[in-house]
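What follows is one structure encoded as structure tokens, with my remarks underneath.
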Amino acid sequence: MTVSELWRHPVKSLQGQSVSTASVVADGLEGDRTWGIRDLATGRVLTARRAPLLLEAAATIDAGGVPTLNLPDGTTVTGPGTETDAALSAWLGTSVTLVSSTAGPPARAEYFADATDDASQPIEWTMPPGRFVDSMAILVLTTASLRAGANHHPEGRWETRRFRPNVVVDVDGDDFVEDTWCHRPVRIGSVELVPREPCVRCTMVTRAQPGLPRDLEVYRTLARHHSATFGVWTEVARPGTIAVGDTVTVS
């Protein structure tokens, strides 16, 4: 088993950044989900669950932790400030501000009670402190799971970016194999991870992205065949560096 892809998502719910190497710190990949867009009216951090437009923009982050955002109209803004907030507010049609995940209390956001119905009841949840992650530090997914999903819904586009993992592991077979890694040490390069629980999926996996159509059947397939989970939420037991091509071992 080897690492086939590494992803970080510098700004919550914007398109992520594929990287060849990544530093893993105690609470996740360096530069992953360290910025978000806050709705000034509600105080909540926006996600593509409630604001699907976010997936039309992309973000990268530099070595100093400063994000650059590329908006659908070609506008590019870097770092927080009035220029960035004005561009984001004009694009989204509401007053927003770019905020760091380390500024203020843990962020609040919303998801829909029915992942296939945007008219269903919105439910608020609070993210862990320090990052704009949904649950734990790192999301691990395998190519075997991607094939399993495609076997159940072959008309769908089971592409990595639909599921927004951090680490993709190339594994033989076509089963949801990473579920069996929960509570077992997973070693990659100098890093040791411990998967804790399957990732419960939501509206996000159905959303359209540039070059990727909306597909409600992706969520329905996971709900029918795998309890609506896909990939595993993972804690960091030993920080270090990982790279595409690194061998992955599970004890």
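Values reported hereafter were calculated over all heavy atoms of this structure, with side chains retained and with hydrogens, waters and symmetry mates removed. Keep in mind the model is a prediction, meaning the values are calculated, not measured.
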Quick one: pull up [atom1] in [X] and [atom2] in [Y] and give me the separation to the nearest 0.5 Å.
| X | Y | atom1 | atom2 | result |
| --- | --- | --- | --- | --- |
| Arg164 | Met204 | CZ | CE | 4.5 Å |
| Ser20 | Ile242 | OG | CD1 | 11.0 Å |
| Leu55 | Arg207 | CG | CZ | 8.5 Å |
| Met1 | Trp181 | CE | CH2 | 4.5 Å |
| Met127 | Arg108 | CE | CZ | 10.5 Å |
| Trp158 | His153 | CH2 | NE2 | 6.5 Å |

Take a 6.0 Å sphere around CG of Asn151 and say whether it holds more than 12 heavy atoms from other residues, nucleotides or ligands.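 Counting neighbours around CG of Asn151, more than 12 heavy atoms of other residues, nucleotides or ligands fall under 6.0 Å, so yes.
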Check this for me: Glu83, atom CD, are more than 12 non-hydrogen atoms of other residues, nucleotides or ligands nearer than 6.0 Å?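 12 or below, so no.
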Say whether, by atom type as modelled, one donor and one acceptor occur between the side chain of [X] and the main chain of [Y] under 3.5 angstrom.
| X | Y | value |
| --- | --- | --- |
| Ser101 | Gly130 | yes |
| Thr229 | His226 | yes |
| Asp114 | Ser120 | no |
| Arg147 | Gly173 | yes |
| Ser13 | Thr47 | no |
| Glu192 | Ala237 | no |
| Gln17 | Arg8 | no |
| Arg38 | Gly43 | yes |
| Arg184 | Thr180 | yes |

Run Val232 and Asp179 through side chain to side chain contact (heavy atoms under 4.5 Å, CB included) and show every step you take. CA-CA 7 Å; Val232 286; Asp179 291 1; 4.0 Å; yes
Taking the side chain as C-beta and beyond, is there a heavy-atom pair between [X] and [Y] under 4.5 Å?
| X | Y | result |
| --- | --- | --- |
| Val186 | Val194 | no |
| Val191 | Thr241 | no |
| Ser190 | Arg238 | no |
| Val140 | Val168 | no |
| Leu71 | Leu88 | yes |
| Val244 | Thr21 | no |
| Leu98 | Val77 | no |
| Leu216 | Arg214 | yes |

Just checking, any donor-acceptor pair under 3.5 angstrom between side chains of [X] and [Y]?
| X | Y | answer |
| --- | --- | --- |
| Glu5 | Ser18 | no |
| Ser95 | Ser89 | no |
| Ser100 | Thr102 | yes |
| Asp170 | Thr143 | yes |
| Arg196 | His183 | yes |

Mind listing the closest non-hydrogen atom pair of [X] and [Y] along with its distance?
| X | Y | value |
| --- | --- | --- |
| Ala148 | Asp174 | CB-O, 3.4 Å |
| Leu139 | Gly231 | CD1-C, 4.3 Å |
| His152 | Phe176 | CD2-CZ, 4.5 Å |
| Asp32 | Trp7 | OD1-O, 4.4 Å |
| Ile138 | Asn166 | CA-OD1, 3.4 Å |
| Cys202 | Ala115 | C-CB, 3.8 Å |

Is there a side-chain hydrogen bond (donor to acceptor under 3.5 Å, both in side chains) between Asp215 and Thr206? Walk through the geometry before answering. CA-CA 5 Å; Asp215 189 349; Thr206 73; over 6 Å; no
Taking only Lys NZ, Arg NE, NH1 and NH2, and the carboxylate oxygens of Asp or Glu, determine whether [X] and [Y] approach each other closer than 4.0 Å.
| X | Y | answer |
| --- | --- | --- |
| Lys12 | Asp134 | yes |
| Glu217 | Arg224 | yes |
| Glu110 | Arg49 | no |
| Asp27 | Arg131 | yes |

Tell me whether [X] shares a hydrophobic cluster with [Y], the cluster being built from Ile, Leu, Val, Met, Phe, Trp, Tyr side chains joined at under 4.5 Å.
| X | Y | answer |
| --- | --- | --- |
| Val3 | Leu193 | yes |
| Leu54 | Phe132 | no |
| Leu53 | Val205 | no |
| Trp233 | Phe163 | no |
| Val99 | Trp125 | yes |

Thr68 and Thr78: CA distance, side-chain angles, deciding distance, side-chain hydrogen bond (donor to acceptor under 3.5 Å, both in side chains) verdict: CA-CA 4 Å; Thr68 294; Thr78 298; 3.1 Å; yes
Determine, step by step, whether Ser251 and Arg187 satisfy the side chain to side chain contact (heavy atoms under 4.5 Å, CB included) criterion, reporting the C-alpha distance in whole Å, the side-chain angles of both residues, the deciding distance to 0.1 Å, and the verdict. CA-CA 8 Å; Ser251 298; Arg187 296 179 179 86; 2.4 Å; yes
Please step through side chain to side chain contact (heavy atoms under 4.5 Å, CB included) for the pair Glu30 and Val24, ending with a clear verdict. CA-CA 6 Å; Glu30 197 167 83; Val24 178; over 6 Å; no
Side chain to side chain contact (heavy atoms under 4.5 Å, CB included) assessment of Leu14 paired with Ile37: CA-CA 10 Å; Leu14 270 58; Ile37 299 171; 4.0 Å; yes
